[in-house]
Number of protein chains: 2
Amino acid sequence: MGTETQPSEQPWADIAPDAARRLVTAAVEAFAERGYHATTTRDIAGRAGMSPAALYIHYKTKEELLYKISSVGHRLSLRILQEAAASDGSPAERLATAVRSFVSWHAERHTTARVVQYELGALGEEHYAEIVGLRREVDTVMRSIIQDGVDAGDFDVPDVPGTTLAALSLCIDVARWFNPEGRRGPEDVGELYADLVLRMVGGAGKP
Amino acid sequence: MGTETQPSEQPWADIAPDAARRLVTAAVEAFAERGYHATTTRDIAGRAGMSPAALYIHYKTKEELLYKISSVGHRLSLRILQEAAASDGSPAERLATAVRSFVSWHAERHTTARVVQYELGALGEEHYAEIVGLRREVDTVMRSIIQDGVDAGDFDVPDVPGTTLAALSLCIDVARWFNPEGRRGPEDVGELYADLVLRMVGGAGKP
DNA sequence: TCGACCCCTAAGCGCTTGCTCAGCGTCAGA
DNA sequence: TCTGACGCTGAGCAAGCGCTTAGGGGTCGA
């Protein structure tokens, strides 16, 4: 709940000209609310307090804005997962940390995460291919934690790729349903989900 | 794998004039592929082998098509869940059956499910409210199975609403990532997920 | 004081969108 | 043979889309 979010978790802090940053945050809001295709460039510019033409001074196309959001968002969430995976502790502890932080990022930044996770299909071909590469890395990190637990004899997992898929799917889908007005805060969901994923790998009571 | 799908699981079998049915199936394909907003009425009509104007003889608007798909799809998936919940057996067996059939429907009919689960936001206000009601029923059914297991002492679940949310989220997200070309068939995913959800409720080895 | 530079806007272009409408062919019943 | 209902098409309308362009108005160093 009261955990202060690090600046690194605020995705757009270091985007260069002020106007460009205002445009990204406006686009994130709009894309998350209505979806990429239902959002107009006029709407984005309006939310950023500018005329429609101003958008094209900072970004070549509307798709480039989406790409920027998707790229920065994917890299940030991947880094959060990697840091958790590289931390000290048993596989169970690392898995719990990974799920907790990955999930609470998806909840805390659920507007960004929604765009990141659900608007991939609107990217151009090359941009899409690049993002798919990042997603594969996410999968690799999660699978390696689970595999470590299996190798150490701490987890009981008959199907490692399948369980990895399910665990990531669970985390990612938080972006879809999370409601900041709801009873559960980001940290609460992270805690709940860390427990559930530990149960899935059969390593709940392990050191 | 070889399990024959009942006609009831083929959502559009009983839509009245042939042309109207061709239009729904064309719309499902198009919406699932590109999303509602990125799909044009010309595209839908084209896939159904008709001129753009023909669409409006059978459906008042493009949104009405989406509503039809969403309504039929939600009712069907709800019924599948309800039937599993009403079956004989221990809570663990009923939960496994529910997850297995709910998940394999989402995989088997993943194009329909994708529209059902991810295009809600494009519905008009009244239609949206109606669909939200159906979704609440889905939640109620799943929660009651889990609660039964807790009451019977078979499950160990500290947070019933939270676990219900997670279990449904897991099932629903299958529609997003499922790939019919992949190694896992719908029945395989159903089996895997039934096991994982049983682990989540701590009732894996129970009668 | 001046010109160079950067941001920005007003206006609008070409195109696509959801949707309409007059009319055409087909076919059952009289 | 005529008639009316039905299912459909070709053509097209108004509105809105992504994006462009010409030019205005600040803020600099010189």
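Chain identifiers are assigned alphabetically (A, B, ...) following the order of the sequence lines, protein sequences preceding nucleic acid strands; residue numbering begins at 1 within each chain.
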*Asks:* Look at the side-chain N and O atoms of Thr41(B) and state whether any lies under 4.0 Å from the OP1 or OP2 oxygen of dC19(C).
*Replies:*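 For dC19(C), OP1/OP2 do not have a side-chain N/O of Thr41(B) under 4.0 Å.
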
*Asks:* Apply side chain to side chain donor-acceptor pair (under 3.5 Å) to His127(A) and list each qualifying residue two or more places apart in sequence or on a separate chain.
*Replies:*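 For His127(A) the side chain to side chain donor-acceptor pair (under 3.5 Å) partners, ignoring immediate neighbours, are Glu63(A).
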
*Asks:* Any idea which of dT17(C), dC19(D), dC8(D) is nearest the Ile57(B) side chain?
*Replies:*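 Nearest to the side-chain atoms of Ile57(B), counting from C-beta on, is dC8(D).
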
*Asks:* Take atom NE2 of His58(A) and atom C1' of dT20(D), then tell me their distance rounded to the nearest Å.
*Replies:*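 Rounding to the nearest Å, NE2 of His58(A) and C1' of dT20(D) are 16 Å apart.
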
*Asks:* Between dC19(C), dT9(D), dT9(C), which nucleotide has the shortest distance from any of its atoms to the side chain of Thr61(B)?
*Replies:*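 For the Thr61(B) side chain, the nearest candidate turns out to be dC19(C).
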
*Asks:* Can you tell which of Val28(A), Thr25(A), Val24(A) makes a side-chain contact (heavy atoms from CB on, under 4.5 Å) with Thr112(A)?
*Replies:*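 When side-chain contact (heavy atoms from CB on, under 4.5 Å) is applied between Thr112(A) and each of Val28(A), Thr25(A), Val24(A), only Val28(A) qualifies.
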
*Asks:* Is there a donor-acceptor contact under 3.5 Å linking the side chains of Arg75(B) and Ser71(B)?
*Replies:*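 Checked: Arg75(B)/Ser71(B) side chains pair up, N/O donor to acceptor below 3.5 Å.
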
*Asks:* Take Thr40(A) and Lys60(A), find for each the nucleotide of DNA chain D with the closest heavy atom, and name the residue whose nucleotide sits nearer the 5' end.
*Replies:*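 This one resolves to Thr40(A).
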
*Asks:* So what does His37(A) touch, heavy atoms closer than 4.0 Å: a base, only the sugar-phosphate, or nothing?
*Replies:*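 No contact.
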
*Asks:* If you measure from the Lys or Arg side-chain nitrogens to the Asp or Glu carboxylate oxygens, is any gap between Asp139(B) and Arg136(B) under 4.0 Å?
*Replies:*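 Arg136(B) and Asp139(B): not salt-bridged.
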
*Asks:* Taking only the side-chain heavy atoms of Pro52(B) (C-beta and beyond), determine which of dC8(C), dC19(C), dT21(D) contains the nearest atom.
*Replies:*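 The listed nucleotide nearest to Pro52(B)'s side chain is dC19(C).
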
*Asks:* Could you tell me how far apart Tyr56(A) (OH) and dA22(D) (C1') are, to the nearest whole angstrom?
*Replies:*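 Rounded to whole Å, this separation is 18 Å.
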
*Asks:* What is the distance from CG of Asp43(B) to C1' of dC19(C), rounded to the nearest Å?
*Replies:*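 Those two atoms, CG and C1', are 16 Å apart.
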
*Asks:* Taking atom C1' of dC19(D) as reference, at what distance in whole Å does atom NZ of Lys62(A) sit?
*Replies:*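 After rounding, the gap between these two atoms is 12 Å.
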
*Asks:* Tell me: CZ of Arg21(B) to P of dG7(D), nearest whole Å?
*Replies:*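 Rounded to whole Å, this separation is 14 Å.
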
*Asks:* Can you confirm whether Lys62(B) is buried at NZ, in the sense that more than 12 heavy atoms of other residues, nucleotides or ligands lie under 6.0 Å from that atom?
*Replies:*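 Correct, the count exceeds 12.
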
*Asks:* Can you measure Leu55(A) atom CG to dT21(D) atom P for me and round it to whole angstrom units?
*Replies:*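 From Leu55(A) CG to dT21(D) P: 16 Å.
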
*Asks:* Would you kindly give the CZ-to-P distance between Arg42(B) and dA11(D), to the nearest whole Å?
*Replies:*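 Spelled out: CZ on Arg42(B) to P on dA11(D) is 13 Å.
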
*Asks:* So, is Ser51(B) close to the dC8(D) phosphate, meaning a side-chain N or O under 4.0 Å from OP1 or OP2?
*Replies:*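 No, Ser51(B) has no side-chain N/O under 4.0 Å of OP1/OP2 on dC8(D).
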
*Asks:* Report the distance from atom CG of Leu66(A) to atom P of dG18(D), rounded to the nearest whole Å.
*Replies:*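 So the two atoms are 13 Å apart, to the nearest Å.
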
